[in-house]
2 protein chains.
Amino acid sequence: MTSLTIAEAAERTGLTAHTLRYYERDGLLLHSVDRAPSGHRRYTDEDLRWIQMVTRLRATGMPIRDVRRYAALVREGDGNEVERLGLLLAHREVVERQLAEVTGHLRAIDYKIALYEGKVEQSA
Amino acid sequence: MTSLTIAEAAERTGLTAHTLRYYERDGLLLHSVDRAPSGHRRYTDEDLRWIQMVTRLRATGMPIRDVRRYAALVREGDGNEVERLGLLLAHREVVERQLAEVTGHLRAIDYKIALYEGKVEQSA
DNA sequence: CCTTGACTTCGAGCGCACTGCAAGGAGTGA
DNA sequence: TCACTCCTTGCAGTGCGCTCGAAGTCAAGG
């Protein structure tokens, strides 16, 4: 169980040190990060795994406040799996709808691109 | 060539009247929208078609300022098709990268969901 | 004539998710 | 010992994309 400074954790998660502190303050992590005697944060592998889940949720567009709710459920411990599942299922629906919408728009944009490619080729 | 009030245009485009005015003010439209003698805006079919293109670009995550650049190119008229094409191609790349990333994260979330479904089923 | 309601402009305000800054403490290499 | 760098907290600021509110105009219906 290695223990990383905030800079190292930032590098490994792709977040900034600022954002890591912000997530902790905002209740997105499961608990306060451990401290070295100096008061500096020390991140465990477990911390990093959770933060990766958080970044997955964030990267798929889940709002901070929903991530916080999910973290709160996990923090509570066993017994609320149905609620956690519901939250994730609802999120998946949103993401899938979004993917479909974006894909549709992208197809229309591709059509436009094809038109321009035709024009540009002709004038070349 | 029908001519619509801002409320009707809002309904047809899915934007709010507020947003339609904002887009016009911000240079996302090709020209100022026509006015009735009363000063009220009147949207043409052509306006609506362009606004649909704008919403496609926005819905796929193109920043307002890039939409504005694209609108400026179209406004300039023939001769800059290569530039327009470049802008759209660059945007397509961004969108496709994003789709891939989101899809990947979604798969990981699905895995988590499957775990919870197993747990919930077992306790049922 | 009077009210209602949709429209106008302008500028301010908001929600989100960071991001930056100031002031100070702590650990490390020369 | 000194300089340097990384870390700490707290709070303010930023950028984006709207969104709202105030105050006024105008056309139509009762």
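In what follows, chains carry the letters A, B, and so on, assigned in the order in which the sequence lines appear, proteins first and then strands, with residues in each chain numbered from 1. Side chains are part of it too, since the values below use all heavy atoms of this structure and drop only hydrogens, waters and symmetry mates.
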(message) Given D:dA27, D:dT8, C:dA17, identify the nucleotide with an atom nearest to the side chain of A:Pro63.
(response) C:dA17
(message) Nearest to the side chain of A:Thr16, heavy atoms from C-beta on, is which of C:dT19, C:dT9, D:dT9?
(response) C:dT19
(message) Expressed as a whole number of angstroms, how long is the span from A:Met62:CE to C:dC16:P?
(response) 15 Å
(message) For a quick test of reading the model: is some side-chain N or O of A:Arg65 closer than 4.0 Å to OP1 or OP2 of C:dC16?
(response) yes
(message) From NE2 of A:His18 over to P of D:dG10, roughly how many Å is that when rounded to an integer?
(response) 13 Å
(message) Measure CZ/B:Arg35 against P/C:dC7 and give the value in whole Å, please.
(response) 12 Å
(message) Below the 4.0 Å mark, does C:dA17 have OP1 or OP2 next to a side-chain nitrogen or oxygen of A:Tyr23?
(response) no
(request) Measure from CG on A:Asp26 to P on C:dG15 and round the result to the nearest Å. (result) 15 Å
(request) Report yes if a side-chain nitrogen or oxygen of B:Arg21 is closer than 4.0 Å to either non-bridging phosphate oxygen (OP1 or OP2) of C:dC10; otherwise report no. (result) no
(message) For D:dC6 and A:Thr5 - does any side-chain N or O of the residue sit under 4.0 Å from the phosphate oxygens OP1/OP2?
(response) no
(message) Whole angstroms only, please: what is the CG-C1' distance between B:Leu20 and C:dA6?
(response) 15 Å
(message) How many whole angstroms separate atom CZ of A:Arg25 from atom P of D:dT8?
(response) 12 Å
(request) Specify the separation, in whole Å, of atom CD1 of A:Ile64 and atom P of C:dG15. (result) 16 Å
(message) Strictly below 4.0 Å, N to O, side chains only: are B:Asp26 and B:Arg68 in salt-bridge contact?
(response) yes
(request) With the side chain of B:Arg58 defined as its heavy atoms from C-beta on, choose the nearest nucleotide among C:dC18, D:dC7, D:dG17. (result) D:dG17
(message) Are more than 12 heavy atoms, taken from residues, nucleotides or ligands other than A:Glu11, located less than 6.0 Å from that residue's CD atom?
(response) no
(request) Examine D:dC20: is either OP1 or OP2 under 4.0 Å from a nitrogen or oxygen in the side chain of B:Tyr22? Give yes or no. (result) no
(message) If I take atom CZ in residue B:Arg42 and atom P in nucleotide C:dC7, what distance separates them, rounded to the nearest angstrom?
(response) 8 Å
(message) Would you say A:His40 and A:Thr5 are linked by a side-chain donor-acceptor pair, where the criterion is simply a distance under 3.5 Å?
(response) no
(message) Rounded at 0.5 Å granularity, tell me how far CG in B:Leu73 sits from CZ in B:Arg84.
(response) 6.5 Å
(request) Would you mind telling me which residue lines up with the more 5' stretch of DNA chain D, B:Gly61 or B:Pro37, judged by nearest nucleotide? (result) B:Gly61
(message) Counting only side-chain nitrogens and oxygens, does A:Arg68 get under 4.0 Å of the OP1 or OP2 atom of C:dC16?
(response) no
(request) Give me the ring orientation class for B:Tyr70 and B:Trp50: parallel if the planes are under 30° apart, tilted from 30 to 60°, perpendicular past 60°. (result) parallel
